[in-house]
Amino acid sequence: MQTFFSIGVDALAYGMILFVISIGLSVTMGLMRVINLAHGAFAMIGGYIASYAARDLGLGYGLAIVIAVLGTIIIAVPLERFLYRRIYGAPELTQVLMTIGITFCVIGLANYVFGPTLKTIPLPAGLQGPVDIGFRTIAAHKLFAIGCGVVVALGLWYLIERTSFGVKLRASVDNTAMAAALGVRTKIVYAASFALAVGLAAFGGVIGAELLPVEPYYALRYMVTFLVVVSVGGAGSIPGALIACLLLGAIDTTGRYLVPEYGEFFFYLAVIAIVWVFPRGLMGRAK
Amino acid sequence: MSAGVSVTAIPAQTRGWQRDLIGISVILIAALAGYFLFPNNLALLTRMIAIMLLVLSLDLVTGYCGVATLGHAALFGSGAYAAGIAAAHFGITEPITMIAIGAIGGALAGLISGVVILRGHGLAQLVLSIAIIHLFHEAANKASEYTGGSDGLSGISPDPILGVFEFDLWGRTAYVFGIVLLLLVFILLRILVRSPFGMLCRGIRQDPVRVSAMGASVKLTLIKMYAISGLVAGVGGAFNAVSTQVVGLDSLSFTNSAEALVMLVLGGVGSLYGALIGTIAFIWIEDLVSAANPFHWLTIVGALLIAVVLFAPKGLYGTAATFVERYRRGAK
């Protein structure tokens with residue numbers, strides 16, 4: 001029972017962090033049809049900035065998160081303008097190469113600037129230690145991560161379903177040319193949703209730093225996981241991504257607890273099985 | 001479908017064979033030059049040959065069929081482990097038999113990964129290919145009784161080739177053996193990509209719907225090509241096992257797959273010469289840069305990739321071929 005409960009909490013926290021990081025990828029992939037392998041690199045940049053702000057500059061955790069998100073967006077917007085915009089609509093191979101190139105560059109630079117060691121982001125006192133929720137205690141930062149995941153999911157749902165930006169976004173996803181003809185400035189929609197995606201990635205990178213430690217190879221190590229989430233959930237679908245994250249989080253965490261010696265064998269086996277059965281993702285739409 | 005690759009117009013049959021003869025002699029001259037110019041670097045050149053076979057095999061599925069995969073090292077590694085296990089655990093140390101076993105191992109791996117990867121399209125295909133390479137990697141790591149796990153598989157000591165040519169300390173025999181294998185594979189692949197089957201694959205890359213409307217089975221063709229590609233990659237892996245006498249887990253790594261793709265794109269997708277040139281250029285730059293400053297290696301690969309995508313999407317060979325074409329037209 002104890003194990004079962006720990007697995008449940010860990011899986012939920014892990015799944016929620018995966019969700020916060022990869023939902024941006026899902027939205028941009030659904031919208032711009034770009035296979036962005038560099039998404040994890042943005043989460044990593046966020047983690048590094050937050051670590052620098054909180055540990056080296058001694059700023060508060062909340063402020064560090066804000067600086068990380070803004071800083072990552074500031075880094076990412078020129079990349080969107082000068083590199084990504086050239087590969088919209090390009091063949092997959094081109095997109096894969098360009099974004100993997102960006103990932104390699106970011107890893108190399110992070111290694112050079114921050115060194116190969118693991119960076120921590122000091123948690124504020126309120127998030128350290130366990131929290132008593134009546135019948136059990138769980139680590140406060142996991143609870144915080146779960147809470148953030150729920151807030152992000154609800155916020156995105158509201159943004160996409162209820163605001164005028166959401167209407168424009170959905171219109172551009174469904175038919176870019178038609179939306180542009182009707183006066184939606186699709187380039188701005190693209191840039192804004194790219195910034196949103198990157199910001200969320202950075203946010204997820206910071207709050208998830210306890211579970212996915214920040215180090216130079218972060219971008220490559222978790223790249224696969226984020227892509228898998230999007231592919232399993234179906235590009236552009238928020239509920240799909242949420243289900244995929246919880247499912248994959250559960251599979252991965254259970255595997256780690258029960259059969260640690262097999263590493264990620266079962267995780268990838270499950271991925272193959274799911275993608276085999278649902279080639280367009282759990283909630284993906286047919287082309 | 002794939003990176004704006006130019007398929008050079010199919011030349012008249014006779015001119016094609018002339019060009020092949022020139023190509024083969026260029027490879028031979030380069031091989032001889034390598035042997036005499038870098039007698040102390042034969043190990044590096046030998047590794048280059050093994051990787052060339054991997055990149056050639058990747059070119060078959062990515063360049064000729066348009067399947068984007070980040071898991072091609074699974075085929076290479078399977079070949080290497082098949083040959084290595086045969087030698088270390090079953091005492092089959094005849095090098096040519098080992099290569100054949102590696103080829104079969106690679107072809108089986110190609111069959112499996114072909115069936116799995118071709119299930120998806122676009123992103124799903126990419127994810128499946130990544131999942132495959134990780135699955136193979138974890139499996140090899142777990143089956144440490146046979147594969148040696150993360151320590152690598154050692155204890156491979158191949159017999160002299162044909163009972164005459166012993167593997168020497170300087171790697172001369174391994175190098176010559178590699179060149180012979182490479183030339184053989186290259187000639188066979190040249191025939192393959194010119195054959196009706198090869199043309200069918202190119203057709204699938206350009207328009208799968210149309211090919212299936214003409215009555216050919218797209219999936220079956222691609223799976224066949226995957227098995228052939230596995231055969232080639234398996235030969236490369238087995239050759240690597242024979243020449244280095246160890247098989248490491250890194251031969252089944254994601255990085256190995258990604259690097260093979262980078263080499264292919266650097267050289268030029270959809271051309272066998274491109275695959276060879278890309279491998280030489282990549283490993284040469286790798287050797288230079290990692291000797292100078294290992295920290296910047298990854299940054300430079302990344303920058304190189306971005307530059308290739310932006311400025312030379314056809315790769316080194318493709319760009320050079322375009323220039324030559326333009327020059328010829330200007331001369332007329």
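Naming: A, B, ... by sequence-line order, numbering from 1 per chain.
In this structure, chain B has a heavy atom under 4.5 Å from the side chain of Leu37(A), while its backbone stays farther away. Using a 4.5 Å cut-off between heavy atoms, Ala258(B) touches chain A through its side chain atoms alone. There is no contact between Leu304(B) and chain A, counting heavy-atom distances below 4.5 Å. Neither the backbone nor the side chain of Val67(B) comes within contact range of chain A, judged by heavy atoms closer than 4.5 Å.
Evaluation of the side-chain hydrogen bond (donor to acceptor under 3.5 Å, both in side chains) test over residues 247-262 of chain B, restricted to residues two or more places apart or in two chains, returns none. Sorted by first then second residue, the ring-ring contact (aromatic ring centres under 6.0 Å, His included) pairs that include residues 85-108 of chain A, not counting sequence neighbours, are Tyr88(A)-Tyr190(A).
Residues Ile272(A) and Ala131(B) approach most closely at CG1-CB, 3.7 Å, considering heavy atoms. The two atoms that bring Gly122(B) and Glu92(A) nearest to each other are CA-OE2, 3.2 Å, heavy atoms only. Heavy atoms only, all atoms of each residue included: Ile306(B) and Cys105(A) are closest at CD1-SG, 4.4 Å.
Dense packing is recorded around CH2 of Trp276(A), with more than 12 heavy atoms of other residues, nucleotides or ligands lying under 6.0 Å away.
Between Phe82(A) and Leu310(B) there is no side-chain heavy-atom pair separated by less than 4.5 Å. A 4.5 Å side-chain heavy-atom check between Leu298(B) and Asn111(A) finds every atom pair outside the cut-off. No side-chain heavy atom of Val275(A) sits less than 4.5 Å from a side-chain heavy atom of Arg119(B). A 4.5 Å side-chain heavy-atom check between His137(B) and Tyr268(A) finds every atom pair outside the cut-off.
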Is there a side chain to side chain contact (heavy atoms under 4.5 Å, CB included) between Leu93(A) and Leu261(B)? Walk through the geometry before answering. CA-CA 10 Å; Leu93(A) 190 61; Leu261(B) 192 62; 4.1 Å; yes
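We find the OG-CG distance between Ser231(A) and Leu126(B) to be 9.0 Å, quoted to the nearest 0.5 Å.
Results of the side chain to side chain contact (heavy atoms under 4.5 Å, CB included) test with Leu305(B) over Thr99(A), Ile100(A), Ile102(A), Val96(A) single out Ile100(A) as the only residue that passes.
Most heavy-atom pairs under 4.5 Å with chain A: of the set Val308(B), Val116(B), Val301(B), this distinction falls to Val116(B).
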